[in-house]
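In what follows, every chain begins at residue 1, and chains take the letters A, B, ... in the order their sequences are listed. Everything numeric in this text was worked out from a predicted model, so none of it was measured.
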Protein chains: 2
Amino acid sequence: MSTSAGSRAEQTLLLDDQLCFALYAASRAVTARYRPLLDELGLTYPQYLVMLVLWEQDSISVRDLGTALQLESSTLSPLLKRLEAAELLRRERRPEDERSVAIRLTEEGAALRERAGAVPPAMGNAMGLTPEQDAAVKQLLRLITSNVTAG
Amino acid sequence: MSTSAGSRAEQTLLLDDQLCFALYAASRAVTARYRPLLDELGLTYPQYLVMLVLWEQDSISVRDLGTALQLESSTLSPLLKRLEAAELLRRERRPEDERSVAIRLTEEGAALRERAGAVPPAMGNAMGLTPEQDAAVKQLLRLITSNVTAG
DNA sequence: CCCTAATCAGTTGTGCACGACTTAATAGCG
DNA sequence: CGCTATTAAGTCGTGCACAACTGATTAGGG
């Protein structure tokens with residue numbers, strides 16, 4: 001910023017200089033904005049993400065769900081139990097490998113997809129980015145995730 | 001939906017199209033990367049953010065801390081209690097307004113700042129963004145937060 | 001001056017997140 | 001074939017987040 005023009009941005013201890021805080025604050029703000037929309041579907045935000053995966057690919061293992069969402073089984077197991085209690089999905093051991101559990105949508109879970117269709121447009125509108133900004137920030141976030149997850 | 005070039009990005013139900021998921025995944029990945037660094041300081045990530053604020057402005061109220069970090073007192077109160085138990089700060093009712101509680105660093109808490117100085121450069125390096133990318137993503141994240149927090 | 005409304009910090013209950021661990025089942029090497 | 005290492009899902013403990021609420025205190029209008 002001031003003197004040394006290093007290859008990196010200044011790295012102070014000021015809160016508002018921290019990219020990590022901008023990320024953390026934005027993530028929580030966006031989740032908060034989703035909440036009323038998802039309340040109408042009876043879902044929390046992480047539950048909504050699980051349903052997104054299932055609407056794309058039904059009958060997925062807990063393991064593959066964890067890979068898609070980057071979540072541990074210790075997070076997913078209780079969450080899936082709640083979605084099962086809500087009658088949105090079923091869990092059954094795979095006969096060909098009894099270690100694995102297949103997650104399948106119920107009719108009710110599959111039907112919820114239609115009502116969920118209104119959510120992404122509403123949120124896109126709330127975020128108020130141009131398509132170019134949306135694409136740019138998505139790409140940069142993936143770059144960060146990739147860089148930070150490696151080594 | 002597929003063809004029409006509307007003013008917004010496509011709004012499907014595919015997980016990987018969702019900006020919200022990119023945000024959520026990046027935020028958790030970054031926090032995870034911080035964890036070993038902060039473990040050495042004996043801090044969690046939200047505790048680290050609180051300390052950042054206190055290193056900037058000592059003797060701050062719980063309310064103003066909440067404004068800075070966009071966190072509720074129901075989140076901050078237990079967190080501050082843990083930091084007080086760790087001897088990093090003290091809480092005392094303000095004589096001039098007994099509703100308010102002033103948070104003050106202990107010597108130990110103030111001293112931790114030096115060791116924390118290594119954290120932002122290490123994380124900046126891990127994220128691996130150019131200064132331009134860093135600035136761009138910070139600006140976009142603030143725009144999202146601002147848009148989504150309004151109305 | 002009183003008294004009602006607003007403000008502040010904190011408690012409680014629910015649901016993530018994640019590390020450390022457990023249990024069960026399978027893979028694959030000798 | 002037998003045995004050990006690996007894998008899958010789940011439990012448990014800790015610490016956020018946040019809504020709904022409580023209790024104490026102060027502000028400000030009538």
For A/R28 and A/V101, take the nucleotide of DNA chain D holding the closest heavy atom to each; which residue's nucleotide lies nearer the 5' end?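 Closest to the 5' end, via its nearest nucleotide, is A/V101.
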Take A/D64 and A/A32, find for each the nucleotide of DNA chain D with the closest heavy atom, and name the residue whose nucleotide sits nearer the 5' end.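 The 5'-side residue here is A/D64.
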Rounding to an integer number of Å, can you tell me how far [X] [atom1] sits from [N] [atom2]?
X	N	atom1	atom2	result
B/E92	C/dA9	CD	C1'	15 Å
B/L83	C/dA9	CG	P	16 Å
B/L79	D/dC16	CG	P	4 Å
A/E84	D/dG10	CD	C1'	13 Å
B/L80	C/dT11	CG	P	11 Å
B/Y45	D/dC16	OH	P	13 Å
A/D39	D/dC18	CG	P	14 Å
B/L71	C/dC8	CG	P	16 Å

Does a side-chain N or O from [X] land closer than 4.0 Å to OP1 or OP2 of [N], or not?
X	N	value
A/S100	C/dA25	no
A/R35	D/dA19	yes
B/R63	C/dA9	no
B/K81	D/dG15	no
B/R93	C/dC8	no
B/S77	C/dG10	yes
A/R94	C/dA25	no
B/T44	D/dT14	no
B/Q70	D/dA17	no

What nucleic acid atoms does A/L76 come within less than 4.0 Å of, heavy atoms only: base, sugar-phosphate, or nothing? nothing
Contact class for B/T31 vs. all strands (heavy atom < 4.0 Å): base, sugar-phosphate, or nothing?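 Here B/T31 touches no strand at all.
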Check every atom of [options] against the side chain of [X] and return the nucleotide holding the closest atom.
X	options	value
A/Y24	D/dA17, C/dA17, D/dA19	D/dA17
A/S73	D/dA19, D/dA9, C/dA17	D/dA9
B/S74	D/dT11, D/dC18, D/dA9	D/dC18
A/R99	C/dC16, D/dA27, D/dT6	D/dT6

Crowding at CD, A/Q139 (>12 non-hydrogen neighbours, <6.0 Å): no
Would the number of heavy atoms belonging to other residues, nucleotides or ligands and lying under 6.0 Å from CZ of B/R94 be above 12? yes
Please verify the inter-ring angle class for A/Y24 with B/Y45; under 30° counts as parallel, over 60° as perpendicular, anything in between as tilted.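 Correct class here is perpendicular.
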Taking the side chain as everything from C-beta on, heavy atoms only, tell me whether B/I103 gets closer than 4.5 Å to B/V50. no
With a 4.5 Å cut-off on side-chain heavy atoms, are A/L49 and A/V53 touching? no
Please walk me through it: do A/L41 and A/L112 pass side-chain contact (heavy atoms from CB on, under 4.5 Å)? CA-CA 8 Å; A/L41 306 181; A/L112 195 61; 4.3 Å; yes
